[in-house]
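When reading the values below, keep in mind they use all heavy atoms of this one structure, side chains included, and skip hydrogens, waters and symmetry mates.
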Amino acid sequence: MRVLIVTKIFPNRVEPLSSPFNRQQFGALSRFCEVEVLATIPWFPAARAFRRWSSVARLVEVPEHESIDGLRVRHPRYVMLPKIGHAVAGPLYAASLAASMLRYRGRVDVVLGSWAYPDGFAAVVLADMLGVPAVIKLHGSDVNVVARWRGPRRLLKWALPRAERVVAVSGALAESAAALGVPAERIDLVPNGIDRASFRPRDRAEARAELGLPQGGKLVLYVGHISGPKGAFDLIQAFALVSRRVPDVRLVMVGDGSGLAEAQDMASGLSDRITFVGAEPHDKIPSYLAACDLLALPSWNEGMPNVVLEALASGRRVVATNVGGIPEVVTDELGILVPPRNLALLANALESALATSYDPERISAALERPDWDGSARLLFESLRSALGSRASREAA
């Protein structure tokens, strides 16, 4: 089976740390079938002139072709209208890629759009051009946020039911797909995997020494994009409350993002308690998880955040929000869930979790999730089902 993947969330030479979950899953998928990735790059007129000020503009430096973890990756450009144009983003995206499709006629069996909009919408249009089935993979905010906007929602209600299969990383996303008109029998639950060799219980003191972190006291860890919707600001404010009541507790924030400067300003009065380390390679995240006492992720919406799974696999409890697929894995034994954007309850949960002792080995063993090969095999079966369903319908 020959699979063409269309996605705007994938690593590249300029942003090598982007979306490691896609890189890992698609790399594993390539062991079951032939895979080529169209990792699209946004473009707008005079983008090169804005490289100093715009992260999107800096992507003009991404080459046309790359090999990433053994995957053949092409980086076609698509026209983007900055700050505006959500309603036409899907059609514009598909139109930008249409010329690229000519080379794939007769050379692919299925098109996978990894992100509902515009990738999933475009996958349906482009697969129809090639005469092959389309599969759409849902991640989280592509449905929880983007699909609520009037223009994208209208186009997704058109595209999702036309996909041969829709892949959801959590049960909550599967329900959202059904609400957008996808027949239940066409929805497959394919959880993201975990690298158990890397994410496992390790000695906390050794990990702190490796990272140069203080040995004493409790450590709360945040890993992710630093922005309002990811709950980064909520966490800083809640931690400020906790730090008044709990002695010798620190917060380490790993990641960067549009809200980094604002977050640093917000934490300026707690500079001795809050450390910003910036973005780190994915292979360093196991050490940060091993070093912490608990992971905090107070997002406003989520699909199934891999960092929560990785924390639990590492034997660390979690304080997170009761959103998306998180309640499907975080039980009372594994952590504490709170409503999003509730600072008082978040602070109480952090304080309670810090005071609770636990067995890391037991936490890790309680998490039942596939490794990346297992996740890729489930995705492969979904893709193969799409191919079989299309063939059966055409033969009827």
Side-chain angles (χ1 to χ4, degrees), residues 9 17-22 115-117 137-149 168-176 191-192 194 220-242 251-260 262-263 266-267 274 276-277 279-280 282 285 288-289 292 294-314 316-331 334-350 352-353 367 369:
I9 52 170
L17 306 184
S18 174
S19 310
F21 49 87
N22 267 348
W115 193 255
Y117 187 86
K137 182 185 175 190
L138 311 180
H139 291 262
S141 58
D142 52 345
V143 173
N144 296 330
V145 177
V146 177
R148 294 178 182 174
W149 301 340
V169 299
S170 70
L173 282 177
E175 293 176 2
S176 296
N192 280 342
I194 305 170
V220 178
L221 178 69
Y222 172 91
V223 179
H225 192 76
I226 296 181
S227 66
K230 293 299 280 188
F233 303 156
D234 296 342
L235 178 58
I236 292 170
Q237 294 176 77
F239 180 80
L241 299 175
V242 173
L251 169 62
V252 173
M253 304 193 75
V254 179
D256 59 13
S258 58
L260 179 59
E262 184 176 350
M266 189 178 295
I274 301 179
F276 294 88
V277 300
E280 290 279 31
H282 191 250
I285 302 305
Y288 281 99
L289 288 169
C292 77
L294 66 94
L295 174 84
L297 188 69
S299 303
W300 298 354
N301 64 80
E302 283 289 353
M304 179 62 76
N306 261 50
V307 70
V308 167
L309 304 179
E310 291 164 350
L312 297 174
S314 301
R316 300 298 182 256
R317 294 184 81 228
V318 171
V319 170
T321 39
N322 187 8
V323 297
I326 295 176
E328 298 171 30
V329 292
V330 179
T331 63
L334 302 182
I336 302 175
L337 300 181
V338 298
R341 309 179 76 170
N342 190 315
L343 299 184
L345 289 181
L346 177 58
N348 290 342
L350 292 170
S352 175
L367 179 66
R369 287 278 146 167

Under 3.5 Å, side-chain donor or acceptor atoms of residues 225-236 against the rest of the protein: list the pairs with distances, not counting sequence neighbours.
residue: K230; atom: NZ; partner: E302; partner atom: OE2; Å: 2.6
residue: D234; atom: OD2; partner: W300; partner atom: NE1; Å: 2.9

Query raised in the report: Between R369 and L312, is any pair of side-chain heavy atoms under 4.5 Å apart?
Result: no
Requested in this report: Can you measure from SG (C292) to OH (Y222) and round to the nearest 0.5 angstrom?
Outcome: 14.5 Å
Query raised in the report: Can you find a pair of side-chain heavy atoms, one from L221 and one from V254, that are under 4.5 Å apart?
Result: yes
Report summary line: Residue set satisfying side-chain contact (heavy atoms from CB on, under 4.5 Å) with A116, at least two apart, ordered chain then number -> L138, D142, V143, L156
Could you give the side-chain donor-acceptor pairs of residues 168-176 under 3.5 Å, partners two or more places apart or in another chain?
residue: S170; atom: OG; partner: L173; partner atom: N; Å: 3.2
residue: S176; atom: OG; partner: A172; partner atom: O; Å: 3.3

**Report entry** From N192 atom CG to K137 atom NZ, the distance as rounded to the nearest 0.5 Å
**Finding:** 4.5 Å
Let me have the donor-acceptor pairs involving side chains of residues 337-349, under 3.5 Å, with sequence neighbours excluded, atom names and distances please.
residue: N342; atom: OD1; partner: A344; partner atom: N; Å: 3.4
residue: N342; atom: OD1; partner: L345; partner atom: N; Å: 3.0
residue: N348; atom: ND2; partner: A344; partner atom: O; Å: 3.4

Report task. Mind checking the CG-CG spacing from L251 to L350? Nearest 0.5 Å is all I need. Result -> 8.5 Å
Report task. Provide the closest heavy-atom pair for W115 versus Y117 in the form atom of the first, atom of the second, distance. Result -> CD1-O, 3.1 Å
Query raised in the report: Tell me the side-chain hydrogen bond (donor to acceptor under 3.5 Å, both in side chains) pairs involving residues 317-327, sequence neighbours left out?
Result: none
Report summary line: E262 meets the salt bridge (charged side-chain N to carboxylate O under 4.0 Å, His left out) criterion, sequence neighbours left out, with none
**Report entry** Flag side-chain contact, heavy atom, 4.5 Å: M253 against L260
**Finding:** no
Query - Heavy-atom side-chain contact between L367 and L309 under 4.5 Å - result: yes
**Report entry** side-chain contact (heavy atoms from CB on, under 4.5 Å) between L295 and E310, intermediate numbers included
**Finding:** CA-CA 10 Å; L295 174 84; E310 291 164 350; over 6 Å; no
Report summary line: Here the pair of heavy atoms bringing V323 nearest to S299 is CG2-O, 4.0 Å
Query raised in the report: Can you name the residues that form a side-chain hydrogen bond (donor to acceptor under 3.5 Å, both in side chains) with Y288, not counting sequence neighbours?
Result: E280
Report summary line: In V242, V319, L294, the residue satisfying side chain to side chain contact (heavy atoms under 4.5 Å, CB included) with V220 is L294
Requested in this report: Kindly write out the residues that satisfy side-chain contact (heavy atoms from CB on, under 4.5 Å) with V145, not counting sequence neighbours, or none if the list is empty.
Outcome: S141, W149, N301
